[in-house]
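Whatever order the structure lists ligands and atoms in, that order sets their numbers, starting from 1.
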Amino acid sequence: MRLSGVAPESFVDGPGLRYVVFAQGCPHECPHCQNPGTWDAGAGQEFSARQVARMLRQHKKTRRGITFSGGEPFAQAGELAQVALAARRLGWDVVTYTGFTYEELIGSDDSDIMALLSASDILIDGRYVHELRDAPARFSGSSNQRVIDVARTRESGRVVLWEEGRDAAAAPKIGRT
Ligand code: SF4
């Protein structure tokens, strides 16, 4: 996989203290994107899922979870899903940012996309819309982006927003489909 970088310590990319992995490459090209350096899929640096898993293990006891940001994580969904499962084996939860909407992802027949979606506790979806930047939800950049509780959404068949303190994001559910 190609990454633009990692941030081993973040409090702003999801609940609690998190390890953030920034995917390289983004097809969305949102105007006023804060990370246009992540757009070029050929830039950044190559990592294997095993390498990233080793990096996570160094912080095993001190992080609540991993966050995939971008770039577009779902453009490299297969390998990032492997990293997500490695994080879950550490007892971490998984937050994934995407420029796609939940509806676009759930309609895909790509098994890699479904694997990363299934491994995510929270999905923050949708492109960044600069005109909607004034009152975003917590952890999002513009108010069209939703902070979605993935397990509850898939169980109920309608989008359920994540709420701090509910068990879905706090308790990893390894093997959920
Ligand atoms: S999806 Fe994110 S990284 Fe991609 S262009 Fe939009 S704001 Fe930038």
> So how far is it from L123 CG to L105 CG, rounded to the nearest 0.5 Å?
Replying inline: 6.0 Å
>> Looking only at protein heavy atoms, which one is nearest to atom 8 (Fe) of ligand 1, and what is the separation?
In response: C33 SG, 2.3 Å
> Looking at atom 6 (Fe) of ligand 1, is one of the N, O or S atoms of C30 less than 2.8 Å from it?
Replying inline: yes
> Under a 4.5 Å cut-off applied to non-hydrogen side-chain atoms, are W92 and L56 in contact?
Replying inline: yes
> Measuring from the heavy atoms of Y97, does anything fall under 4.0 Å of ligand 1?
Replying inline: no
>> In terms of relative ring orientation, are Y19 and H59 parallel, tilted or perpendicular, with 30° and 60° separating the classes?
In response: tilted
> Hey, is CZ on R133 packed in by over 12 heavy atoms from elsewhere, all under 6.0 Å?
Replying inline: yes
>> One residue to check: E29. Relative to ligand 1, which of side chain, backbone, both or neither has a non-hydrogen atom less than 4.0 Å away?
In response: backbone
> Any idea which of S4, G99, G71, A75 brings a heavy atom closest to atom 3 (S) of ligand 1?
Replying inline: G71
> Tell me, do R127 and E29 make a side-chain contact under 4.5 Å, heavy atoms counted?
Replying inline: no
>> R2 vs D40, test: salt bridge (Lys or Arg N to Asp or Glu O under 4.0 Å). Steps then yes/no.
In response: CA-CA 10 Å; R2 293 199 78 79; D40 179 0; over 6 Å; no
> Quick check: does C26 put an N/O/S atom under 2.8 Å from atom 4 (Fe) of ligand 1?
Replying inline: yes
>> So if I count the atoms of ligand 1 from 1 in the order they appear, which ones are less than 4.0 Å from some heavy atom of Y128?
In response: 7 (S)
